[in-house]
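Proteins come first, then strands; the chains are lettered A, B, ... in the order of their sequence lines, and each starts at number 1. Basis for what follows: all heavy atoms, side chains included, without hydrogens, waters or symmetry-related copies.
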Amino acid sequence: MSNNIRVRFAPSPTGHLHVGGARTALFNWLFARHEGGTFIVRIEDTDRARSTEESERAVLEDLTWLGLTWDEGPGVDGGHGPYRQSERLDLYREHAERLLASGKAFRCYCTDEELEEKRKTALVEGRVPQYDGVCRDLTPAARKQLENEGRSPVVRLRAPTRDVAVSDLVRGDIEFKKEMLGDFIILRSDGRPTYNFAVVVDDALMQITHVIRAEEHLPNTMRQVLVYETLGYALPAFAHVSLIVDKDRSKLSKRRGATSVAEFRNLGYLPGGLLNYLALLGWSPPDSEEVMSVAELIEKFELERVSPSPAAFDEDKLDWVNAHHLREEPLADVAALGTRFAEARGLVEPDFDRFEAMVDLAREGLARLSDLPDAISFFFDGDLEVEDGAREWLFRDETKQLLASLVSRLGESEGEMDAGTFKAALKAAGKDAGVKGKDLFMPVRSALTGRTHGPALGEVAAVLGRGRVIGRLTQAEGGS
RNA sequence: GGCGCCAUCGUCUAGCGGCUAGGACGCCGGCCUCUCAAGCCGGUAACACGGGUUCGAUUCCCGUUGGCGCUACCA
């Protein structure tokens, strides 16, 4: 069932899942599903100051809501765990120990202040700030001395000084100059690993074959390649996808609107709609069919068709994609997702079939589920809100007679009232009153829904049911 | 500052040396229709700039400009 392709999504639990992260996760997931590989989720929580369990829960929840389920990760053991970096500390220590023993890494006793001082001086003198290697070849005696001063060392990699070339699946060949970095830290003074070290140890141990991540990590790739090499592990393939930016080309910011998956969920977007839109940001299908189900995305997805340039988030198009999903996804799913939006507005319908029927009629005109309550509120009992435009139709001279005629026509039919019987009665009543077209429909629509816009009238009447229809017509007739 | 990435309609994109530069969102019209949507038809709008390479560049190379990222004991 699965081949040897293994990819991972590695979020740091510092808040809700961002749409950028969601897209990275999506590309990994689609690639894995398309290739029949394994999708792994790994929690990068080595930054203890910012990571919280609550955030981890939130991120995992967001992924689950999107349907991006993992084959290995928190809660799903696949033999390469644990899947939380905070639980893998011994692994990093062992690897660092190994490098220390072979002389490929060394302990550095420089303090933050000393380093900061040197950095400033370098900047002032117009040099590139870089670790100067003072602790590179400390004698055991010198180290003892420094430790006696109470300094706790970090571990630095003895970085090979040479250019590094990487072949990226979406960007082609990239070359990093050797001047770019000095001996960088792999283990902090408290024994926790730095990002670039932990990532490599984890990716190697978890046998990740394709590292698909955001472009912001591109410069890190050089360090990581060096770590792979000194550790003696084989390099994975890299694919750096572009960033999602704002309309004004800057980083996606909160102030401009929703940025997290949770926010989009609350705004009434469907998981399938959001996923579809996100996929279109930086990837294009081989055909020109842009509205796709998850199954179609999996079938069509290829890394070769991922674009290297940053993409701006466009809510208009998201709405358009979501609107399509709203009316094309299974009615039961849409209705189930819509329930909480309706109930939040006090629109509770115990009969799910009837609720489904309402959603079915309303979804034609919706872009998001948050618009659902407004679109179906008139189906519910209680005081019917009547718009000004609707009131005008009700006050017309001919309306009273028309409605009376319709009530009596409806009285002639028996049993269930479906859209067909209602329409037949409507037509007959129209003949009685000598009106047709707009003059026939609008007064009735107004009486039944209190509005001048809405789904097909016959279907609306059927969902309302004979009792409500006659009740509302009678009430409107009396009031007109 | 240094290093790196990116550059086709307002936006998402197709294009992989020869195209009237295609599609989608949006916008503007029209059709359909009881209405709103949807749907259908039509319109609007782009190869950042300058050098090369080539018979021929949107496409390949270099530079400029612009945008973004990295430059932490954050990820």
Side-chain angles (χ1 to χ4, degrees), chain A residues 10-14 44-47 49-51 85 108 110-112 115-116 119 122-123 126-130 152-156 168 170-171 174-177 179-181 184-196 198-199 213-223 240 242-243 245 247-251 277 280-291 305 307-321 323-324 327 362-367 375 389-390 393 426 430 436-446 449 451-457:
Chain A
S12 50
T14 55
E44 312 225 321
D45 57 353
T46 55
D47 180 1
R50 297 195 300 154
S51 304
Q85 291 188 327
C108 169
C110 299
T111 63
D112 259 349
L115 260 15
E116 187 53 37
R119 218 186 327 264
L123 251 17
R127 289 181 292 115
V128 179
Q130 201 173 72
S152 41
V154 298
V155 177
R156 288 182 185 271
D168 189 280
V170 334
R171 272 151 223 283
I174 301 160
E175 189 143 321
F176 299 101
K177 294 277 178 288
E179 294 76 21
M180 209 172 128
L181 80 207
F184 54 93
I185 296 173
I186 56 176
L187 231 50
R188 300 180 247 233
S189 50
D190 64 0
R192 284 157 42 245
T194 54
Y195 167 74
N196 285 301
V199 162
R213 63 176 27 152
E215 184 191 347
E216 52 182 321
H217 291 293
L218 202 49
N220 284 324
T221 307
M222 176 175 192
R223 293 162 195 252
H240 287 91
S242 65
L243 263 18
V245 296
K247 281 200 172 77
D248 63 5
R249 301 266 117 197
S250 59
K251 210 169 171 180
Y277 175 68
L280 257 17
L281 242 34
W283 171 78
S284 60
D287 50 46
S288 55
E289 199 49 63
E290 295 197 312
V291 178
R305 296 191 66 83
S307 155
S309 47
F313 199 89
D314 179 3
E315 293 200 28
D316 283 335
K317 186 138 185 185
L318 203 216
D319 279 350
W320 176 80
V321 171
H324 274 273
R327 44 180 184 269
R363 65 172 172 173
E364 291 296 317
L366 298 183
W393 284 103
L426 181 63
K436 58 180 180 173
K438 237 184 168 99
D439 295 327
L440 169 59
F441 279 80
M442 291 314 277
V444 176
R445 175 177 290 285
S446 300
T449 70
R451 310 176 185 191
T452 53
H453 305 317
L457 205 44

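Taking atom C1' on both nucleotides, B/C36 is separated from B/C49 by 48 Å, rounded to a whole Å.
With A/Arg50 contributing its side chain and A/Thr14 its backbone, the two residues share no donor-acceptor pair below 3.5 Å. Looking at A/Arg445, its side chain does come within 3.5 Å of a backbone N or O of A/Pro455 through a donor-acceptor pair. A donor-acceptor distance shorter than 3.5 angstrom exists from the side chain of A/Asp168 to the backbone of A/His240, with no hydrogens or angles considered.
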### Task
Mark up nucleotides 3-10 of chain B, 5' to 3', with B wherever a protein heavy atom is under 4.0 angstrom from a base atom, S wherever such an atom reaches only the sugar-phosphate, and - elsewhere.
SSBSS---

## Note on the structure
In B/S/- notation (B base, S sugar-phosphate only, - none; protein heavy atoms under 4.0 Å), nucleotides 31-41 of chain B written 5' to 3' is ---BBBSSS--

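Pairing for B/U59 is absent, with no Watson-Crick or G-U wobble pair whose two atom distances lie under 3.5 Å. Using Watson-Crick or G-U wobble geometry with both donor-acceptor distances under 3.5 Å, B/G69 finds its partner in B/C3. B/C31 is paired with B/G39 under the Watson-Crick or G-U wobble criterion, all donor-acceptor distances under 3.5 Å.
Taking 4.0 angstrom as the limit, A/Thr194 places none of its side-chain polar atoms (N or O) nearer than this to OP1 or OP2 of B/C73. The phosphate of B/G15 has OP1 or OP2 within less than 4.0 Å of a side-chain N or O from A/Arg305. A close approach under 4.0 Å does not occur between any side-chain nitrogen or oxygen of A/Ser288 and OP1 or OP2 of B/U13. One finds a side-chain N or O of A/Arg249 lying less than 4.0 angstrom from the OP1 or OP2 phosphate oxygen of B/C12.
The base of B/A72 lies outside donor-acceptor range of the side chain of A/Asp112, with no N or O pair under 3.5 Å.
Across all strands shown, A/His240 has no heavy atoms under 4.0 Å from either base or sugar-phosphate atoms. Among the protein residues, A/Thr46 comes within range of the sugar-phosphate backbone only, with heavy atoms under 4.0 Å from sugar or phosphate atoms but none that close to a base.
Counting to the nearest Å, the P atom of B/U11 and the CG atom of A/Leu280 are 16 Å from each other. Across the protein-nucleic acid pair, A/Tyr277 atom OH and B/C12 atom P stand 8 Å apart, rounded to whole Å. Here the C1' atom of nucleotide B/C73 and the CZ atom of A/Arg50 are 14 Å apart, to the nearest Å. Atom CZ of A/Phe313 and atom P of B/U13 are 13 Å apart (whole Å).
Between A/Glu216 and A/Lys251, no side-chain nitrogen of the basic residue sits less than 4.0 Å from a carboxylate oxygen of the acidic one, so the salt-bridge criterion is not met.
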